[in-house]
Amino acid sequence: MIFRTHMAADISGLVGESVSLAGWVARRRDHGGITFIDIRDASGIAQVVADGLATEDLRMEFCIRVMGTVRARPEGTINADLPTGTVEVAADSIEVLSPSDPLPFMLDDRVDADERTRLEYRYLDLRRPRMAANLRARSKAVSAIRRSLEGLGFLEIETPTLVRSTPEGARDVLVPSRLRPGSFYALPQSPQLFKQLLMIAGVERYFQIARCYRDEDFRADRQLEFTQLDLEGAYWGENEVQTTIEAAIAAVVQDLRGESPPLPFPRLTWQESMDRYGADKPDLRFGMEIVDLSSELTGTEFRGFAATLESNGVVRGINTGAREFPRSLADKLTEEAKALGAAGLVWMVIEPDSQLRSPVAKFLAAHEQKAIVEALAGQPGDVLLLVAGPWRTAVTVLGQLRLSLGRPEGHRDLAFVWVTDFPMFEETGDGNLTFSHHPFTSPQDVEVMRNRPLEAKARAYDVVVNGVELGSGSIRIHHPDLQRQVFDILGISAEEQESRFGWFLRALRYGTPPHGGFAFGIDRLVMVLQEEANIRQVIPFPKTQTGHDPMTMSPSPVDEGQLAELGIALVEE
RNA sequence: GGGGGUGUGGUGAAGCUUGGCCGUUCACGCCGGCCUGUCAAGCCGGAGGUCGCGGGUUCGAAUCCCGUCAUCCCCGCCA
């Protein structure tokens with residue numbers, strides 16, 4: 001039996017032909033003698049006219065099959081908002097293939113039901129045109145990636161999803177082993193070591209659309225499991241990696257947006273990015289850059305600034321442009337700055353007569369006020385915000401305020417950027433060092449790393465779009481001795497190095513080619529390109545912020561017997 | 001671990017600031033009826049809610065307070 005001869009979206013040119021369509025009742029407009037039914041299938045919507053046919057038992061989202069004849073719509077009834085709006089199907093018969101219960105929510109892009117309910121009935125949510133479009137976009141993105149990389153000679157290779165746990169980095173998702181009770185696999189946080197092993201294995205050009213798992217708290221752009229384009233190449237430097245990633249991203253943007261972004265992407269060093277935007281994932285769609293005011297304020301009488309500058313701190317500011325600046329906004333921004341760790345926030349409004357209105361104006365000399373306004377290119381009406389403090393605090397607080405005040409809604413414009421030259425290490429709270437990328441990243445200068453590790457730069461780079469970190473990569477360490485030195489600096493003892501990474505250090509000893517690579521989040525890229533505010537809109541079956549799936553009710557307790565087989569006993573809370 | 005927002009018939013919203021006229025209102029859906037050119041069709045009628053849950057304040061709580069659960073956003077965390 002042939003269910004249908006055509007898709008709903010394809011009937012425009014078929015006037016006079018007999019067709020059979022199958023899909024859902026998206027709308028029914030019953031005029032008594034005549035009824036209009038919008039039938040929706042995966043391709044789109046077509047109007048069916050039932051003249052003299054019984055339609056009382058057709059309800060929302062009933063699955064139906066319509067046989068009839070395509071005809072041009074009468075004069076004056078063309079619907080310009082519908083791609084098939086010039087034609088309609090005059091139905092000879094309408095058959096209910098499958099009725100539907102009353103819906104838990106309207107399948108309408110104009111209203112969003114509560115997200116928990118949408119997840120509980122995700123199969124209905126995904127029928128909504130916007131969600132269906134996101135599924136298609138995702139498929140096209142993956143297809144574009146494969147096409148571009150296969151053209152460049154890459155091999156798509158799968159790596160295990162049951163791997164050895166590594167305590168570094170994110171929390172692992174653990175899987176107990178039945179055959180070795182008391183031992184656990186981890187789900188991969190990324191295929192990092194396996195792709196390096198593939199370089200040692202002679203693959204030279206590897207990629208994978210890889211599912212990754214990180215058991216950390218959720219955010220709008222973070223889920224427990226997510227999908228990355230993971231790739232790696234041998235005999236590669238930064239430029240080769242970045243060019244390849246740019247090609248893959250450009251192919252995706254081309255297929256989803258219909259135009260390619262300008263290549264190459266601009267590049268910022270991590271230092272520049274922090275100094276100018278207060279973030280390592282800068283949103284370059286707007287200016288409002290952070291400006292250093294320390295030299296303008298050298299020798300100032302104002303204690304608040306002078307004390308900071310004497311203790312090696314900085315004073316920096318942003319010009320937020322001309323805006324209304326009621327007391328309530330000043331208070332709100334001050335609160336925000338304090339919550340982010342600033343001692344306070346200094347605001348200044350440039351009055352029409354160019355005088356500064358500010359709580360601290362009376363403490364600042366005239367030449368200092370003038371210098372501040374000039375440094376921030378202030379015009380009458382502009383609101384300036386200043387933060388004094390340690391460099392890192394000052395720039396990150398201003399970076400956050402910059403986003404609060406200037407960030408565009410949505411993601412219509414795209415501003416890709418490479419952020420390069422990340423620090424090799426960061427200090428942890430307890431004074432130890434940790435890696436800022438991952439422990440297999442090559443330093444730019446081995447001598448600097450040994451002697452002044454906190455000043456050492458890594459051969460690591462991120463790609464960012466509109467303030468969203470898409471992914472990161474690096475040139476890897478390919479000498480076992482250097483790898484050991486990095487482990488030493490990270491405070492991993494020789495015994496630990498051997499027990500946890502001995503197998504990998506051994507592999508490095510067999511003629512490892514220099515190599516490097518990258519991984520970026522496909523969910524995030526599609527999210528931005530589809531102008532979605534969170535990653536769940538582009539993941540077919542995501543979880544809530546507490547890792548719960550309201551449809552299948554996972555996670556769930558398991559049988560005593562299952563636990564016993566695994567040698568697991570639960571502890572009462 | 002912390003901060004903030006939300007929770008009101010199946011769905012979306014208003015009501016909460018300032019307690020009583022409130023299980024009151026609007027739209028969609030659902031049920032019944034009318035209607036031959038609509039496209040979120042229209043008109044008439046109807047059903048449907050322990051106002052997330054628990055406790056407290058009060059003569060009286062959807063509304064105020066405390067706790068708790070769910071969900072969303074953010075900080076921490078996320079190589």
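Keep in mind that the numbers below use all heavy atoms, side chains included, and drop hydrogens, waters and symmetry copies. The sequence lines fix the lettering, A, B, ..., with proteins before strands; numbering per chain opens at 1.
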**Request:** Give, ordered by number, those residues of residues 534-542 of chain A having at least one heavy-atom distance below 4.0 Å to an atom of RNA chain B; if nothing qualifies, reply none.
**Result:**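 When residues 534-542 of chain A is checked for heavy atoms under 4.0 Å from RNA chain B, the hits, listed by number, are A:N534, A:R536.
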
**Asked** Got A:I489 and A:F425 here, is their nearest side-chain heavy-atom distance under 4.5 Å?
**Response**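 Yes, their side chains come closer than 4.5 Å.
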
**Touch class at under 4.0 angstrom, heavy-atom based, for A:S472 against every strand present** =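 Result for A:S472 = nothing.
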
**Prompt:** Taking only residues two or more places apart in sequence or in another chain, which ones pass side-chain contact (heavy atoms from CB on, under 4.5 Å) with A:A460?
**Reply:**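 side-chain contact (heavy atoms from CB on, under 4.5 Å) list for A:A460, sorted by chain: A:F422, A:H437, A:T441, A:A458, A:S474.
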
**Item:** Residues in ring-ring contact (aromatic ring centres under 6.0 Å, His included) contact with A:F487, at least two apart in sequence or another chain
**Value:**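 Checked A:F487 against ring-ring contact (aromatic ring centres under 6.0 Å, His included); matches are A:F501.
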
**Request:** Write down the distance between CZ (A:R40) and P (B:rA40), rounded to a whole number of angstrom.
**Result:**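 Roughly 15 Å, once rounded to whole Å.
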
**Prompt:** Which residues satisfy the ring-ring contact (aromatic ring centres under 6.0 Å, His included) test with A:H31, sequence neighbours excluded?
**Reply:**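 Partners of A:H31 by the ring-ring contact (aromatic ring centres under 6.0 Å, His included) criterion, ordered by chain and then number, come out as A:F36.
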
**Request:** Write down the atom of A:R222, the atom of A:D217, and the distance for their closest heavy-atom approach.
**Result:**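 The pair with the smallest heavy-atom distance is NH2-O, 2.6 Å.
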
**Message:** I need a per-nucleotide contact map over nucleotides 30-38 of chain B, read 5' to 3'. Cutoff is protein heavy atoms under 4.0 Å; write B for the base, S for backbone only, - otherwise.
**Reply:** SSS--BBBB

**Request:** Could you tell me whether A:T546 contacts a base, only the sugar-phosphate backbone, or nothing, with contacts defined as non-hydrogen atoms closer than 4.0 Å?
**Result:**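 The residue A:T546 makes sugar-phosphate contact but no base contact.
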
**Protein-to-nucleotide contact annotation, 5' to 3' order, nucleotides 2-7 of chain B [B base; S sugar-phosphate only; - none; under 4.0 Å, heavy atom]** = ------

**RNA chain B contacts made by residues 109-128 of chain A, counting heavy atoms under 4.0 Å** =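 Close to the strand are A:R110, A:V111, A:D112, A:A113, A:D114, A:R116.
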
**Request:** Would you kindly compare A:A170 and A:Q400 by the position of their nearest RNA chain B nucleotide and give the one closer to the 5′ end?
**Result:**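 Counting from the 5' end, the first nearest nucleotide belongs to A:Q400.
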
**Request:** Check each residue of residues 221-232 of chain A for a non-hydrogen atom within less than 4.0 Å of any atom in RNA chain B, then write out the ones that pass by number, or none.
**Result:**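 A:R222 - these, ordered by number, are the residues of the stretch whose heavy atoms sit under 4.0 Å from the strand.
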
**Request:** Identify, between A:T434 and A:G85, the residue whose nearest nucleotide on RNA chain B lies closer to the 5' end.
**Result:**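 Residue closer to the 5' terminus by nearest nucleotide: A:G85.
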
**Message:** Any carboxylate oxygen within less than 4.0 angstrom of a Lys/Arg side-chain nitrogen, looking at A:R122 and A:D125?
**Reply:**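 The answer is yes: the pair qualifies as a salt bridge.
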
**Request:** May I have the distance from A:D549 (atom CG) to B:rU71 (atom P), rounded to whole angstrom?
**Result:**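 Computing the A:D549:CG to B:rU71:P distance gives 11 Å.
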
**Request:** Identify which one of A:W236, A:Y206, A:W418 satisfies the ring pair (Phe, Tyr, Trp, His ring centres under 6.0 Å) criterion when paired with A:F518.
**Result:**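 Of all the options given, the one that passes is A:W418.
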
**Asked** Could you give the CG-to-P distance, from A:D280 to B:rC78, as a whole number of Å?
**Response**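 Atom CG in A:D280 sits about 13 Å away from atom P in B:rC78.
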
Check the interface with nucleotides 43-53 of chain B: list each N/O to N/O pair with the protein under 3.5 Å, or write none.
none

Which donor-acceptor pairs under 3.5 Å do the side chains of residues 65-75 of chain A make with protein atoms, sequence neighbours left out?
unit_1: A:R65; atom_1: NE; unit_2: A:F3; atom_2: O; d: 2.9
unit_1: A:R65; atom_1: NH1; unit_2: A:E95; atom_2: OE1; d: 3.4
unit_1: A:R65; atom_1: NH2; unit_2: A:I2; atom_2: O; d: 2.9
unit_1: A:R71; atom_1: NE; unit_2: A:E88; atom_2: OE2; d: 3.0
unit_1: A:R71; atom_1: NH2; unit_2: A:E88; atom_2: OE2; d: 3.2
unit_1: A:R73; atom_1: NE; unit_2: A:G85; atom_2: O; d: 3.2
unit_1: A:R73; atom_1: NE; unit_2: A:V87; atom_2: O; d: 3.0
unit_1: A:R73; atom_1: NH1; unit_2: A:T77; atom_2: O; d: 3.1

**Asked** With a 4.0 Å cut-off on heavy atoms, is A:P104 in touch with a base, just the backbone sugar-phosphate, or nothing at all?
**Response**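 Result for A:P104 = sugar-phosphate.
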
**Request:** With sequence neighbours excluded, give me every ring pair (Phe, Tyr, Trp, His ring centres under 6.0 Å) pair touching residues 56-85 of chain A.
**Result:**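 Matches after skipping sequence neighbours: none remain.
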
What's touching nucleotides 14-17 of chain B from the protein side, N or O pairs under 3.5 Å?
none

**Asked** Which one, B:rC73, B:rC72, B:rC78, comes nearest to the side chain of A:T544?
**Response**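 Looking only at side-chain atoms, A:T544 lies closest to B:rC72.
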
**For B:rG45, the Watson-Crick or wobble counterpart (both distances under 3.5 Å)** =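 Pair assignment: B:rG45 / B:rC31.
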
**Message:** Partner lookup for B:rA70, please. Criteria are Watson-Crick or G-U wobble with both distances under 3.5 angstrom; report none if nothing qualifies.
**Reply:**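 B:rU6 is the nucleotide pairing with B:rA70.
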
**Prompt:** Is a donor-acceptor contact shorter than 3.5 angstrom present between the side chain of A:D217 and the base of B:rG76?
**Reply:**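 Donor-acceptor pair under 3.5 Å: yes.
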
**Asked** Cation-pi between A:R171 and A:Y213: NZ/CZ under 6.0 Å from ring centre and within 45° of the ring axis?
**Response**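 Cation-pi check for A:R171 and A:Y213: fails.
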
**Request:** Over 60° means perpendicular and under 30° means parallel, so classify the ring planes of A:H438 and A:F440, tilted if in between.
**Result:**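 It falls in the tilted class, 30° to 60°.
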
**Identity of whatever pairs with B:rU24 - Watson-Crick or G-U, under 3.5 angstrom** =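 Pair assignment: B:rU24 / B:rA14.
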
**Asked** Could you state the CG-P distance from A:D81 to B:rA41, rounded to the nearest angstrom?
**Response**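 In whole Å, B:rA41 P lies 13 Å from A:D81 CG.
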
